[in-house]
Number of protein chains: 2
Amino acid sequence: MDARHAILFEPVRIGPKTLPNRFYQVPHASGFGSGKPRTQAAFRAVKAEGGWGGVCVEYAPISRDSDEIPAIGADIWDDRDARALGMSADAIHAHGSLAGLELYHGGASSPNGGSRAVRLAPSQLTSEVQWGGLAKEMDASDIARVQRDWARAARRAADVGFDIVYVYGAHGYLMTQFLSAHANRRTDRYGGGVADRGRFWLETLAAVREAVGGDCAIATRIAVHGDSGVPGAEGLPGIDVDDMLTLVRLADDLVDLWDVTVGSWPEDSGTSRYYPEGHERPWAHRVREATAKPVVAVGRYTSPDLMAEVIRSGKVDLIGSARQAIADPFLPRKIAEGRLEEIRECTGSNICILREETFRHVGCVQNATAGEEFRRGWHPESFAPAAGPDRSVLIVGAGPAGMECAVVLGKRGFTAVHLVEAEPEIGGRLRWARRLPTLGAWGRIIDWRVVQLARLPGIEVITGRRLTTADVLEYGADLVIIATGSAWRGDGAQAGYPDPMPGANPALPHVLTPEQVCAGERPPGPRVVVYDTDGYYVAPGVAELLAAEGFQVSVVTTFDVLSPVSDETLEGEMLRAHLHQAGVDVRHATTVTQIGPGSVTGHDRYGEPWSATCDGIVLVTQQVSKDALYRELASDAAALTRSGIGGLYRIGDAVAPRMISEAIFDGHRLAREIDADDPGQPAPYRRERSSLA
Amino acid sequence: MDARHAILFEPVRIGPKTLPNRFYQVPHASGFGSGKPRTQAAFRAVKAEGGWGGVCVEYAPISRDSDEIPAIGADIWDDRDARALGMSADAIHAHGSLAGLELYHGGASSPNGGSRAVRLAPSQLTSEVQWGGLAKEMDASDIARVQRDWARAARRAADVGFDIVYVYGAHGYLMTQFLSAHANRRTDRYGGGVADRGRFWLETLAAVREAVGGDCAIATRIAVHGDSGVPGAEGLPGIDVDDMLTLVRLADDLVDLWDVTVGSWPEDSGTSRYYPEGHERPWAHRVREATAKPVVAVGRYTSPDLMAEVIRSGKVDLIGSARQAIADPFLPRKIAEGRLEEIRECTGSNICILREETFRHVGCVQNATAGEEFRRGWHPESFAPAAGPDRSVLIVGAGPAGMECAVVLGKRGFTAVHLVEAEPEIGGRLRWARRLPTLGAWGRIIDWRVVQLARLPGIEVITGRRLTTADVLEYGADLVIIATGSAWRGDGAQAGYPDPMPGANPALPHVLTPEQVCAGERPPGPRVVVYDTDGYYVAPGVAELLAAEGFQVSVVTTFDVLSPVSDETLEGEMLRAHLHQAGVDVRHATTVTQIGPGSVTGHDRYGEPWSATCDGIVLVTQQVSKDALYRELASDAAALTRSGIGGLYRIGDAVAPRMISEAIFDGHRLAREIDADDPGQPAPYRRERSSLA
């Protein structure tokens, strides 16, 4: 270990418990809740195994009036729920770490889609998160009941072995609704000045302390205003720093661990596109002015040096992490063992959050094993030796899928894997995507794999060599894996219009694909339409790139909002503000159906004709697999046999253009299952289901 | 029974099975899938009990590459799934009905959010439903595998007792993707002319027939173009009538039951706002030209006379129903027993679909027991006798919650329930909502309850009497239930802006609430802004009303699209086209923050200043509970005791303004649980959970 990092491995006392080091996986959603207890336990256990001294399970609704369906919370409504969650506590303890549970009530933000209970809130205001109705203004009996539910849930958590229980007060949920003058309009003793707005929270902390006695440390999570100033996906902007310091002083005797977040969720979980590492320090670190108790704060830390610097500053005591602990559960161990180059850095692209926001279980672009620990038995650092490791493998294409597949085959002990790339550099579409404005950190997907590929003795990377079908047949490989990726179509085919668009021909100077733009081609005049039916990062990236060069850019999109997928990564508001500031005009809900010289025509949301003059158009409409090589090979089984090719597979975008995370997952899966009877098809996985007996 | 309806009770032979009558609950989603097998079984069983001769379980994905997460499908991936679903077959059989299972593959429409499998499709086109990637163009092995999976799933279904298995080919899913020239671009023998596009489906039908032999009837569901002409929520518009007839002739030998739907899902499940009862007849009924096999078709039928007429026409053999069977599972029995006025007619408002589209379990505005059969033990026609039925009950307010509560108390045997309404008519907010353009059928919510209230001997309805606190205390009731509803705020408070809006004062002639408009007040000039931060039916309804009177109406909304909630009820596209045709202008993503005489001002999505001149504004911003009466009563416990009031409760919008379905649910629940220790709080319910052992 580097001596500079030793401070990170000091134990930290929190109330009656001691954390073995300063690495703390803060609570974050997984999509497993208490309904998939073994999956949850396996997901958390690997973080404890990787060296995180504190590992928390996600938000745990304390009662049916905080029911998160359609999202998945770790409900702890009764003893059976608690026993399910206790499996996680046991699994975390098995590796010597402390286990935390984030007891939670969503208040007006709870959808209650399962329970159909009325929402609760300090005041009857429209939720800035939920549709379909307002909340009940809590009366005295509601307040007493929620506090009782919280204390009971804490006792249940203690009984099944949790070391740390939360009074979750951040991110716009019930506690913040009380703490915030914006949402709390009460005229009784639970509203008014900051101390009165804090009363519900203080009383709850006291009730929880009484319930758990010395059996648990009590953590509380609060949100302080950051710099975004705008309410985000969770609605409330948090509380200002002065109020926070007042509240910390008021509650300090009741709290063993302060977990401080910043602003609204899109800021707190800020992506690498818009927030640097450690961006929360100017706000979160001020809590030290009001407490000597241990403090944990996040900040998308990936650098061990910065982590150590933050601890040495004395402002916080624990390095909080959600996303980095997903991307690399073994970060602490790697630091301890001085294997810094092995750290799989979080890209800050919020694919984990996109999956949760769309009601899927956790996933990660960097770590394909995230969420697969139980059901597929995958481990981020452990790889079953292959059955026939001496088989030679040719992987054609070193994009995300090909790189990942090669790495995993290498880790499984394959001795002769050739990763052959036609371009001069590996990385596939990320080579150009990482050069779009704000997307630089996505390049970490390449960077980590470059290191791995260099270190694995069984892998040879060959660039600048474009293989033909004949080349592949003559290559001498036992197994061939095609990972040739995808390209943007230049013919304007789009959802609803599967035929080529009249005038869409990228051989014309005024019609461009995103790849052409990234390769340096430019429209013949200043007025450019970027036409987006894709909805994610490519169109805004190209628009921003061209705008920065002085083009007059209009994005025309079929969607009602620019880049709706970016809302799922919490980037939407910032992305749109960014483009607006760059002078990019946006026209929504409009379909382009024809391109002429000097104009584009189509229709608006009502089918009314629409047209615009422009000097060129960039078509961000639809991708297509580059699968010609695969098809040619697959069409001649006899040739494969003659060439001694025992297996021909296809991964990533060459199968179907998808998100980068899914291409990587695909490459990873094939490598994990290369010894299966039919490696081309995913093997069945274990499912946690209702008992039938 | 009325002799005209006898034809509905004839048995119908389908392949090797015989349906006991012509009432057929077609497959429809429930949100229970195979993951909540007891809940699913109880939900379906009550329909069999109510007399539906055929009862189908919802779409059942046959393999992991049609994984519906985040939605819930009735996965039948393995034998254990099948055993779970078999509980439904058993429960349906217990009432003498046949059980069907809709075997399904979503193709490009499957999110695969759980399995992370690649999507499959005949051609690699952008899904018109799913984001995040394209599908794999199925190769020969994919086609063979899906057919094998389908046959295996059919065999599993047969083994656990299902009488009818589906080859589901409608609504834009995999089969339709093959059948549709729009989505099928293949150049092999599975693409081209209609017979070639039908090959995959025909082969699958044959494989299923071989797998189940004579153990099951084989149904297939196909979609024919309707009149909407636009792809809807499920993307594909179906196939045209000529192609359908060709396909029916090609497949007729393999099919025992034709289940014909029309157009895209928003048309097939067309709401009462935009489609009349039986609207599918001009298309669906043409299938008779090509087959003598039994045919089932839907059409939101609620009238027994029309049902009988449809059967007598000879065009179809079975009355298919999803929504009416949810609204009244006992419709067949009520017809058989001549109790026509007891039929709880579907309103066609698609609350069932809204809940499914937002990943909740099924619910119904008319039938609060839908989906609650297992977990709360509720039955739509059976009510436990109350413990103290002679207690006198005063319900203040005869809106949706109050009406429903009174009806259920009456059915539980209460002998002295007074339902007291201040207005001259009962119905609450529905009194004016049903008079908005297109919303007439929503009045069925009132109509059914009017009949029930009149028939239940223990209930007295008193209208035109506004009770004060003193009146209630002196009323002499043992139990008091406050159901005084809610009102639209006139002060312009809205999400993000909890304080009153400057200039928002409904005492001014140019500032109106929706209630004022419905009561006949009009702006002082022709130019009206309807400001919508609510997102559902009120603002479009008011706008359409005013536009029809000649006002120049602009809807200004904070949302990116007008009435986003209407997309969840499948009404969005039609609603927006409707208003556009009526000349209503819409400005999106705009926030009004101030009202002046002759203008409104605010900001756009980027925070840039915005203003418009107008003669008046209607504020559809936020509702507020009318709870003053409740608060006054609750604040004086001694007075309640003195008055002999043993219980004071509050239901519906007086607790929190919500959707009508939730207000009714609330009133129903209180009446069901009035004997509980704490009737004000919902009792715990049973949950199906993962086994822990």
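By convention in this document, chain letters (A, B, ...) are assigned in the order of the sequence lines, proteins followed by strands, and residues within each chain are numbered from 1.
In this structure, the portion of D139(A) lying under 4.5 Å from any heavy atom of chain B is its side chain and not its backbone. Only the side chain of Q681(B) comes within less than 4.5 Å of a heavy atom of chain A; its backbone N, CA, C and O stay farther away. For R376(A), the part lying under 4.5 angstrom from a heavy atom of chain B is the side chain only. For chain A, the nearby part of F665(B) is the side chain; its heavy atoms alone come within less than 4.5 Å. Both the backbone and the side chain of R80(B) come within contact range of chain A, judged by heavy atoms closer than 4.5 Å. In this structure, the portions of D81(A) lying under 4.5 Å from any heavy atom of chain B include both its backbone and its side chain. Proximity to chain A (any heavy atom under 4.5 Å) is shown, for P564(B), by neither the backbone nor the side chain. Heavy atoms of S115(A) lying under 4.5 Å from chain B belong to its backbone as well as its side chain. In this structure, the portions of P684(A) lying under 4.5 Å from any heavy atom of chain B include both its backbone and its side chain. The contact between E608(A) and chain B is made entirely by side chain atoms (from C-beta outward), counting heavy-atom distances below 4.5 Å. The contact between R64(A) and chain B is made entirely by side chain atoms (from C-beta outward), counting heavy-atom distances below 4.5 Å. In this structure, chain A has a heavy atom under 4.5 Å from the side chain of D142(B), while its backbone stays farther away. When heavy atoms are compared at a cutoff of 4.5 Å, L354(A) approaches chain B solely by way of its side chain, counted from C-beta outward.
Here R689(A) pairs with D78(B) in a salt bridge; the nearest charged N to carboxylate O distance falls below 4.0 Å.
Counting heavy-atom pairs closer than 4.5 Å to chain A, the top-ranked of the candidates H588(B), R119(B), R83(B) is H588(B). Chosen from A117(A), P682(A), S625(A), S661(A), the residue pairing most often with chain B at heavy-atom distances under 4.5 Å is S625(A). Counting heavy-atom pairs under 4.5 Å between each of G114(B), A493(B), G371(B), A121(B) and chain A puts G114(B) at the top. When the candidates K36(B), Q581(B), E137(B) are compared by the number of heavy-atom contacts under 4.5 Å with chain A, E137(B) comes out ahead. Among the candidates H361(A), Q494(A), R145(A), the residue making the largest number of heavy-atom pairs closer than 4.5 Å to chain B is R145(A). Of the listed residues K136(B), M659(B), H580(B), the one with more heavy-atom pairs under 4.5 angstrom with chain A than any other is H580(B). When the candidates P657(B), G133(B), G607(B) are compared by the number of heavy-atom contacts under 4.5 Å with chain A, P657(B) comes out ahead. Counting heavy-atom pairs closer than 4.5 Å to chain B, the top residue among T621(A), T533(A), T358(A) is T358(A). Of the residues considered (R375(B), E568(B), R650(B), E688(B)), R375(B) shows the highest number of contacts with chain A, using heavy-atom pairs under 4.5 Å.
Contact between R658(A) and L134(B) at its shortest, heavy atoms only, is CG-O, 4.2 Å. Here the shortest heavy-atom pairing between Q622(B) and Q124(A) reads NE2-O, 3.7 Å. Of all heavy-atom pairs spanning V118(A) and A656(B), the tightest one is CG2-CB, 3.6 Å. Taking every heavy atom of both residues into account, P498(B) and R185(A) meet most closely at CG-NH2, 3.0 Å.
Separating the CG atom in D67(A) from the CZ atom in R360(B) is a distance of 9.0 Å, to the nearest 0.5 Å. One finds the CD1 atom of I69(B) at 9.5 Å from the CZ atom of R355(A) (value rounded to the nearest 0.5 Å). Taken from CZ in R38(A) to CG in L692(B), the straight-line distance is 6.5 Å, to the nearest 0.5 Å. Taken to the nearest 0.5 Å, the CG atom of D567(A) stands 8.0 Å off from the CG atom of D560(B).
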With side chain to side chain contact (heavy atoms under 4.5 Å, CB included) as the test, would you mind laying out the steps for V561(A) and F559(B) before giving the verdict? CA-CA 10 Å; V561(A) 68; F559(B) 296 105; over 6 Å; no

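Using a 30° and 60° split on the angle between ring planes, F359(A) and F359(B) fall in the perpendicular class, above 60°. Between W77(B) and Y685(A), the ring planes lie perpendicular to each other; the angle is over 60°, past the 30° to 60° tilted range.
The side-chain heavy atoms of E573(B) and R605(A), taken from C-beta on, include no pair separated by under 4.5 Å. S690(B) has its side chain within reach of P37(A): a pair of non-hydrogen atoms, C-beta onward, lies under 4.5 Å apart. Proximity of W131(B) to D534(A): side-chain heavy atoms (C-beta onward) are nowhere separated by under 4.5 Å. Residues R687(A) and D75(B) are in side-chain contact: their nearest non-hydrogen atoms beyond the backbone lie under 4.5 Å apart. Proximity of Y497(B) to H182(A): side-chain heavy atoms (C-beta onward) are nowhere separated by under 4.5 Å.
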